[in-house]
Amino acid sequence: MKQYSLIFLFLFSAYLSHAQTYIGPIIGIDALNMEVKQDDPHFITFGILDTGYAARNYFYGLKIEQVLFKKLSLSFETSYSEKAAHALIFGFAAHDGFVYKYYQNRLSARYEFWNFLSVGAGYDFNKLKNLRYTLVNRVSNEFIPVFYDKGISFSVGVHWKNIELNSYFHRGLNSNTHRSGLNLYPIKTIGLHLGYRFKVWRGLGKRPAKYGRAPVG
């Protein structure tokens with residue numbers, strides 16, 4: 001709930017302020033690193049076979065950016081992708097992996113250098129939803145409704161006019177534990193996206209007079 005309050009506050013402040021606001025689509029690719037915690041290394045009930053940043057997928061989403069000063073801006077990004085992981089899952093029957101939906105949400109601040117290069121940092125609140133078992137490319141029943149992935153991110157981007165290319169690194173801060181046996185270390189993600197910015201408004205802040213000061217009397 002706190003995350004959605006932050007989003008609402010960001011959008012409302014963009015609407016009320018005199019700062020320039022942009023909105024536009026983004027599309028990109030990311031790679032996610034998931035590691036399982038094992039209580040007993042000699043008795044593995046759930047093991048992810050993909051090591052490193054192996055869960056790669058395309059994603060698409062939306063970005064809203066509010067320029068506060070000439071060099072400093074705030075932005076909110078939200079994106080969606082579908083992912084799959086190879087794994088060994090033991091229960092009543094063995095499975096060879098799982099699939100899930102991944103929702104990424106990010107509030108970040110960005111500072112621009114040399115009119116084309118920017119660096120940023122932000123707070124992420126992502127969601128892994130509808131995790132389901134797979135066996136020989138067949139999807140079975142859902143076993144985890146939702147996992148939350150909260151963390152921080154760092155980004156480096158370049159832009160030309162309204163086209164931007166941005167890379168980022170996400171570092172999860174919270175571990176995830178579920179009774180199914182899927183106990184994860186904090187998730188890490190690297191990604192790259194391409195976006196286009198449309199100028200939409202300058203808010204409702206006080207504007208300078210268009211034709212100068214009105215005559216007195």
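Count residues from 1 along the sequence. Only this structure's heavy atoms are used, side chains among them; waters, hydrogens and symmetry mates stay out.
Side-chain contact, Thr78 with Asn105: a donor N or O sits under 3.5 Å from an acceptor N or O. The closest side-chain donor-acceptor pair between Ser175 and Asn183, if any, does not fall under 3.5 angstrom. A donor atom on one side chain and an acceptor atom on the other are found under 3.5 Å apart for Glu65 and Ser73.
The side-chain heavy atoms of Phe59 and Ile27, taken from C-beta on, include no pair separated by under 4.5 Å. Counting heavy atoms from C-beta outward, Ser167 and Val156 have side chains that approach closer than 4.5 Å. Annotation: side chain of Ser75 is not in contact with side chain of Gln66 (no heavy-atom distance under 4.5 Å). Counting heavy atoms from C-beta outward, Phe125 and Asp149 have side chains that stay 4.5 Å or more apart. The shortest distance between side-chain heavy atoms of Asp96 and Tyr133 does not fall below 4.5 Å. The side-chain heavy atoms of Tyr168 and Gln104, taken from C-beta on, include a pair separated by under 4.5 Å. Using a 4.5 Å cut-off on side-chain heavy atoms (C-beta onward), Leu194 and Asn166 make no contact. In this structure the side chain of Arg171 never reaches within 4.5 angstrom of the side chain of Phe154, judged on heavy atoms.
Heavy atoms only, all atoms of each residue included: Ala84 and Val99 are closest at CB-CG1, 3.8 Å. The shortest heavy-atom contact between Phe198 and Gly24 is CD1-CA, 4.2 Å. Nearest heavy atoms, Asp124 versus His170: OD2-ND1, 2.8 Å. Of all the heavy atoms in Arg197 and Lys161, the pair that sits closest is NH2-O, 4.1 Å. Of all the heavy atoms in Asn33 and Gly52, the pair that sits closest is OD1-O, 3.2 Å. Contact detail for Leu62 and Ile26: the closest heavy-atom pair is N-CG1, 3.8 Å.
Atom OG of residue Ser118 and atom CG of residue Leu72 lie 11.0 Å apart, to the nearest 0.5 angstrom. To the nearest 0.5 Å, atoms CG (Leu74) and CD1 (Ile64) are separated by 12.5 Å.
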*Let me see the working for Val139 and Arg132 under side chain to side chain contact (heavy atoms under 4.5 Å, CB included), right down to the final yes or no.*
CA-CA 7 Å; Val139 179; Arg132 292 164 293 163; 3.7 Å; yes

*Please test Tyr100 against Asn130 for side chain to side chain contact (heavy atoms under 4.5 Å, CB included), starting from the C-alpha separation and ending with a verdict.*
CA-CA 5 Å; Tyr100 57 97; Asn130 193 24; over 6 Å; no

*Does the pair Leu192 and Leu165 meet the rule for a side chain to side chain contact (heavy atoms under 4.5 Å, CB included), with working shown?*
CA-CA 7 Å; Leu192 181 72; Leu165 183 66; 4.0 Å; yes

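Remark: Glu82 does not engage Lys129 in a salt bridge, criterion side-chain N to carboxylate O under 4.0 Å.
Without hydrogens or angle criteria, Asn176 side chain to Phe147 main chain gives no donor-acceptor distance under 3.5 Å.
Through side-chain heavy atoms spaced under 4.5 Å, either directly or across other Ile, Leu, Val, Met, Phe, Trp or Tyr residues, Tyr60 is tied to Tyr80, Tyr103.
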